[in-house]
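Report on the following structure.
Worth saying up front: this structure is predicted, and the values here are computed from it rather than measured. Hydrogens, waters and symmetry mates play no part in the numbers below; they use all other heavy atoms, side chains included. We're numbering straight along the sequence, starting at 1.
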Amino acid sequence: MLKLKNVSKFYYSNGVITSGFSRVNLELDMGEFVVITGESGSGKSTLLNVLSGLDTYEEGEMYINGQETSHYSEADFEEYRRKYVGNIFQNFNLVNSYTVYQNVELALMLNGEKSSAVKDKVKSIINRVGLAEYMNTKCSKLSGGQKQRVAIARALAKDTPIIVADEPTGNLDSSSAAEVIKLLHEISEEKLVIIVTHNIEQVERYATRLIKMHDGKILEDKKVNLPQTKAGYETADYKDITAKDRIRLGIRNAFNIPAKFILIFAVFLFVSMAVAGTYSGFQKMEYDDSRYGYNQFFSDTSDKRIVINKEDKTPITDEEFTEIESLENVGKVIRDDTLIDYSMSLSDSEYWYYFYGNFTDIKYFDGELTAGSMPEEPYDIILEGSADDYYLSQDPASVIGTLLYLDEYDENGERKESKPFKVTGVFLNDEMRNGDNNRFYAGEEILEHLRQEAAVSNNNLKFMFEGQYYDVSSGEGGFSIVPDSDVPKGQAYAGGSLGEMSQSGTSKGKEIVINAESIYSEGEMKVTVTAVYNKGNLEELTGVKYTEDKEGAIYVNEEEFNDLVNKGIFQSSVYVSDTEELDNVLESLKEMGFETLAMRDALTSDGQDLIQIIALMKTFMLTVLIVALFFISYFIIKVVLKSRNAYYTTLRTLGASRRVSKQLLDIELFVTATLSFVVFTALIIMINAGILNLSALTEMADYLSAGDYVLIYMIIIAMSYLISHRFARKLFKDSVMNTYREEV
């Protein structure tokens with residue numbers, strides 16, 4: 001069965017070579033109950049470790065069934081231990097966090113037997129060693145004698161031809177020791193049992209052979225009783241542990257020691273938050289830089305805004321607006337968005353205050369006034385600006401009651417007359433930066449007047465008079481078209497300058513054809529000049545005081561003119577509630593037949609170089625962070641996993657390969673890392689749902705997409721695998737006994 005020929009074992013430590021045993025010759029066979037004795041340091045335990053394949057030898061040859069083993073690798077000895085050897089240790093080497101049943105079951109699972117099929121076999125073995133009532137008791141709660149019985153049961157479960165026991169009664173009382181030795185003797189009737197002991201009296205009556213060692217050599221090898229049997233044997237056809245049981249064991253190991261689980265869980269939760277926090281910080285930097293870009297055609301560049309028009313360039317109907325407003329994630333729809341991008345400046349009569357921005361409907365104001373009150377009169381407005389605004393930062397209340405005028409000037413540089421806007425409220429918006437456009441909230445009367453002006457500016461206006469075209473938009477001839485509610489439909493009031501263009505010297509009774517053309521529509525209106533105004537009658541005709549700059553104005557009916565320049569709503573702006581879901585809104589609008597332009601995609605930024613630098617910095621810093629977190633995590637987890645050194649070495653004594661042992665460690669860390677990430681994700685979900693309010697995580701949640709969470713999870717899992725790989729490389733680098741002796 002086993003044969004040693006001039007076998008020697010040496011140890012190397014700090015340049016010093018010591019001998020474990022030297023030039024041992026020995027033959028052992030089935031049915032023997034072999035007892036090896038000797039004083040401490042005589043080499044008996046070292047010899048037992050070499051016989052059981054737990055340790056290597058440096059000289060001579062060991063034969064297993066006639067096969068040489070000097071060329072064996074660690075993997076070969078793992079296979080030998082799995083098929084031939086069951087170990088019983090002085091310190092038991094049980095998994096104390098497992099029950100008696102689980103410890104015995106483990107030996108069978110590692111040899112490829114399914115956990116679902118070994119229940120009766122495990123119970124039978126436990127009954128045989130007299131521990132039936134302790135089957136579901138954790139081994140940490142057993143006495144020394146009971147633990148040794150579990151170790152014997154585990155060795156029996158392996159059903160190997162060789163049982164080796166190193167001081168199996170060293171930690172037991174005399175009664176328990178006698179029971180253990182008797183049980184081992186019974187086992188020897190069908191196996192080869194090899195015991196190392198100091199106490200020869202306990203085993204002498206059962207031994208078939210006594211071997212005495214001294215100073216690394218065999219002094220005496222005496223046969224004292226005949227073996228019970230020398231019948232032949234067959235080694236079992238062992239397989240690797242099944243994939244299902246590997247997962248089962250890995251999950252069990254993740255939770256079986258609560259303190260270990262909590263520490264490793266906390267490490268991975270910290271790593272998840274650190275990676276997510278850093279990544280979201282860079283995402284915020286990129287987002288902030290991108291949202292402060294500009295567009296030469298649009299002044300409201302909010303990342304929530306989508307500009308729409310119809311693919312066929314027809315007006316948007318009320319039914320279509322209703323459908324748009326019902327879309328999920330649509331916060332508001334400004335149907336006529338003419339004024340959104342129609343910027344203008346306002347100042348008081350003394351030019352003490354100056355503001356530049358855009359008018360918007362008062363119904364969209366949802367802030368809390370910093371000073372003043374809500375508008376009550378038609379020309380009252382709310383002024384919104386940055387808290388850093390030069391005119392607002394010192395004393396917002398000082399602006400209340402100020403009358404602001406449109407900054408429009410005639411050809412002489414004089415400000416045109418306009419009705420003033422009274423500031424009744426001020427709102428300082430913390431999200432606005434100094435230099436951003438102001439926002440003026442106003443009622444419908446103001447907005448309608450301004451839309452009319454904007455419509456004129458958005459149309460190319462021409463008129464034909466006596467066969468001659470005049471381009472109003474370019475100011476050709478100094479003419480302008482002015483809508484006025486006092487002018488009857490179909491009529492026009494013209495100044496003397498138009499008459500000068502007539503062959504008859506007067507424009508009265510003559511027809512004017514006005515053309516308006518925009519990117520969406522074109523049309524014309526015909527009017528007849530029914531009155532020629534001058535300094536004396538203009539105010540009577542229109543209510544407007546005469547000034548020289550009005551000489552070229554052609555006054556027409558306001559309603560007719562509005563019909564000419566406003567043929568419906570062709571362009572509108574949709575604002576989403578959540579920018580993360582903006583793409584879904586874009587898709588829905590396109591399905592409805594709209595052309596879309598998301599402002600986030602239409603910005604030009606002077607900081608493109610900065611964005612690239614941030615992207616490079618993000619990659620570099622994340623790499624540095626991940627590397628640093630890996631080594632910090634590895635150091636902490638390595639300390640925690642030192643308690644698992646004995647567990648994974650025990651697996652190897654039971655015949656588990658390094659590959660299988662490492663896979664169990666991989667699964668253990670994978671489960672813990674995944675659970676920590678799930679908890680982290682659950683916290684983010686509860687924050688988004690408003691269930692939790694954790695300021696440290698709230699901003700993080702705002703800048704992480706679903707794809708970002710996948711990336712972070714992949715980083716965490718990769719880190720868990722690398723930690724497992726690094727730890728396993730040290731843990732499994734040498735023979736089992738060397739691993740026991742070394743610190744991991």
Side-chain angles (χ1 to χ4, degrees), residues 2-28 32-62 69-70 77 81 85 87-93 144 147-148 151 162-174 177 180-181 184 192-204 206-224 645-646 649-650 652-653 734-744:
L2 291 178
K3 178 180 178 181
L4 274 64
K5 185 176 180 180
N6 295 323
V7 173
S8 300
K9 171 65 184 177
F10 304 106
Y11 295 108
Y12 306 86
S13 179
N14 298 322
V16 178
I17 300 176
T18 57
S19 174
F21 58 83
S22 178
R23 302 186 68 78
V24 168
N25 291 280
L26 193 63
E27 285 193 48
L28 305 172
E32 290 190 285
F33 191 112
V34 181
V35 178
I36 303 175
T37 64
E39 69 274 13
S40 296
S42 63
K44 58 185 184 299
S45 292
T46 303
L47 176 60
L48 191 69
N49 291 335
V50 170
L51 288 170
S52 63
L54 292 175
D55 215 345
T56 57
Y57 59 93
E58 283 71 45
E59 186 178 72
E61 187 67 72
M62 182 172 80
T69 61
S70 56
F77 278 115
R81 290 194 299 272
V85 182
N87 290 88
I88 303 171
F89 296 92
Q90 179 181 357
N91 59 353
F92 318 126
N93 280 4
K147 287 182 178 180
Q148 197 61 278
I162 303 171
I163 300 291
V164 296
D166 188 3
E167 299 285 1
T169 61
N171 294 320
L172 306 179
D173 58 65
S174 57
V180 167
I181 295 300
L184 289 173
L192 166 60
V193 176
I194 308 170
I195 293 180
V196 165
T197 184
H198 282 94
N199 195 339
I200 187 68
E201 291 79 11
Q202 286 182 334
V203 296
E204 193 169 17
Y206 299 112
T208 62
R209 190 168 173 180
L210 293 175
I211 298 174
K212 186 174 183 180
M213 295 190 70
H214 175 73
D215 199 20
K217 297 183 183 295
I218 293 180
L219 292 183
E220 183 180 17
D221 183 357
K222 181 171 62 175
K223 295 183 178 180
V224 293
N645 183 6
T649 309
T650 297
R652 294 177 67 192
T653 66
D734 212 337
S735 68
V736 176
M737 290 313 300
N738 282 346
T739 304
Y740 268 122
R741 286 187 286 265
E742 294 180 3
E743 286 290 323
V744 177

Check the pair Leu2 / Leu192 against side-chain contact (heavy atoms from CB on, under 4.5 Å), numbers first and verdict last. CA-CA 10 Å; Leu2 291 178; Leu192 166 60; 4.3 Å; yes
Pair His198, Ser40 - check side-chain contact (heavy atoms from CB on, under 4.5 Å), show working. CA-CA 8 Å; His198 282 94; Ser40 296; 3.4 Å; yes
I want to check something: taking the side chain as every heavy atom from C-beta on, are Thr37 and Thr197 in contact at a cut-off of under 4.5 Å? yes
Interatomic distance, CD1@Ile88 vs CD@Glu167, rounded to 0.5 Å, equals 13.0 Å
Flag side-chain contact, heavy atom, 4.5 Å: Glu220 against Ile218: no
Residue pair Ile163 / Ile194, side-chain heavy-atom distance below 4.5 Å: no
Going by heavy atoms in the side chains, are Ile211 and Val35 under 4.5 Å from each other? no
Judged by atom type as modelled, is there a donor-acceptor pair below 3.5 Å linking the side chain of Gln148 to the main-chain atoms of Pro168? yes
Does the distance from a Lys or Arg side-chain N to an Asp or Glu carboxylate O, for Arg209 and Glu32, drop under 4.0 Å? yes
Could you report the tightest heavy-atom contact between Phe33 and Leu184, atom names first, then the distance? CE1-C, 3.5 Å
Minimal heavy-atom distance between Val7 and Glu61, with the atoms involved, is CG2-O, 3.2 Å
Residue pair Tyr11 / Asp55, side-chain heavy-atom distance below 4.5 Å: yes
Okay, side chain of Asn25, backbone of Asn6: is any donor-acceptor separation there less than 3.5 Å? yes
Non-hydrogen atoms of Thr653 and Asn87 that approach each other most closely: O-OD1, 3.7 Å
Gap between atom NZ of Lys5 and atom CD of Glu59 - 0.5 Å precision: 13.0 Å
Is any side-chain heavy atom of Val34 closer than 4.5 Å to one of Ile195? no
For Thr650 and Asn93: C-alpha separation, side-chain torsions, deciding distance, then whether side chain to side chain donor-acceptor pair (under 3.5 Å) applies. CA-CA 6 Å; Thr650 297; Asn93 280 4; 4.6 Å; no
Using every non-hydrogen atom in the two residues, find where Val50 and Thr56 come nearest and quote the distance to one decimal. CG2-O, 3.7 Å
Flag the pair Tyr57 / Leu47 as yes when at least one side-chain heavy-atom distance between them is below 4.5 Å, and no otherwise. no
Can you tell me how far CG of Leu51 sits from CG of Asn49, rounded to the nearest 0.5 angstrom? 9.0 Å
Verify, without hydrogens or angle tests, whether Lys44 (side chain) and Gly38 (backbone) share a donor-acceptor contact under 3.5 angstrom. yes
Determine the minimum heavy-atom distance between Phe21 and Gly43, stating which atoms define it. CD2-O, 4.1 Å
Does any non-hydrogen side-chain atom of Arg81 lie less than 4.5 Å from one of Leu54? yes
Between Ser8 and Glu58, do the side chains contain an N or O donor and an N or O acceptor separated by less than 3.5 Å? no
Between OG of Ser45 and CZ of Phe89, what distance do you get to the nearest 0.5 Å? 11.0 Å
Return yes if some donor-acceptor pair links the side-chain N/O of Thr69 with the main-chain N/O of Met62 below 3.5 Å, else return no. yes
Where do Glu39 and Asp215 come nearest, in terms of heavy atoms and distance? OE2-N, 4.3 Å
Might you work through the side-chain contact (heavy atoms from CB on, under 4.5 Å) test for Met213 and Ile36, ending with a clear yes or no? CA-CA 7 Å; Met213 295 190 70; Ile36 303 175; 4.0 Å; yes
